[in-house]
Novice: 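Got a structure here, written out as structure tokens. Questions coming.
Both ligands and their constituent atoms are indexed starting at 1 by order of listing. Throughout, residue positions are numbered sequentially from 1 according to the sequence presented.
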Amino acid sequence: MLGAIVGDIVGSRFEFDNHRSKEFDLFGEGCFATDDSIMTLAVAKALMETRRTLGPEDDFCRLLGDLTVQYMQDIGRNYPNCGYGGSFYHWVFSDDPKPYNSYGNGAAMRISPVGFIAKSMDEAVRLSEIVTAVTHNHPEGIKGAEATTVAIYLARHGASQSEIGERVSREYYPLDFNIDAIRPTYRFNETCQDTVPQAIQCFLEAESFEDAIRIAVSLGGDSDTIAAITGAISEAYFGVPEWIRQEALSYLDPRLREIYDAWEAWSK
Ligand SMILES: [Mg+2]
């Protein structure tokens, strides 16, 4: 989850002012925690509270879905200007929130906590669908979140970059391109199908966590979200350097920092 937060904060100032190079300061004026970080933390909170409050009669899947809605709304309403798309904004403030068949990349940007706590690949896939389907129940939304979760799960369990790439290519998206080749013509896009494979490819070409974030920003487009997805997988594979962790966490306000600290203690 930390990797997604880092990617979001680093990418935030380039979302509408793309920087198509790997040369830049990771943190600086204009950086902030956007919807990608905030919804990721809401998903983390839902996972923690589901496990914590689970009674013997409770259906884990049902409770996780309900608490995902509850925390995305409860937390999300405090940040009306953090970058929500129009439909998601409506959903956050709705008294009767229903899935709206979205295939936006919000599905993938927020899913990383699932990949970090799943105890099996089956569980990773199942939990990913539950969390995603509360809003992004279009097949491409479910797929974007699942591909991200599977890549994180594989990275956590010793798969190599090429093994992860092969799995994603076989089951989700053909990764038959490289970032240098697509950069000149890549444009801002908020769908899963035109951001998730690109974000995964940024990870596959990286030599370190920091390199992955730099490649993701250099691609352009929806920079905070692409870097959040790339960062989530790269955290699982490379880990996050301590100085980057410290710097990124300084951008979280006390409410968000409390959720992050609880997660760090809980998921160890
Ligand atoms: Mg954002």
Novice: Mark yes or no for whether Arg110, through its side chain, and Val43, through its backbone, hold a donor-acceptor pair below 3.5 Å.
Specialist: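 No; judged by distance alone, with no hydrogens or angles, the pair does not exist.
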Novice: Would you confirm whether Asp222, through its side chain, and Phe188, through its main-chain N or O, come within 3.5 Å as a donor-acceptor pair?
Specialist: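 Not confirmed, Asp222 side chain does not pair with Phe188 backbone.
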Novice: May I ask you to test the Tyr79-Arg255 pair for a side-chain heavy-atom distance under 4.5 Å?
Specialist: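 SC-SC contact between Tyr79 and Arg255 confirmed.
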Novice: Near the Mg ion (ligand 1), meaning under 2.8 Å, how many protein N/O/S atoms are there?
Specialist: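 For the Mg ion (ligand 1), the figure is 4.
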Novice: Would you check if Ile117 and Trp266 make a side-chain contact, meaning some heavy-atom pair closer than 4.5 Å?
Specialist: yes
Novice: Could you tell me whether the side chain of His136 and the main chain of Glu140 form a donor-acceptor pair under 3.5 Å?
Specialist: no
Novice: For the pair Ser94 (side chain) and Trp91 (backbone), establish whether a donor and an acceptor sit closer than 3.5 Å, ignoring hydrogens and angles.
Specialist: no
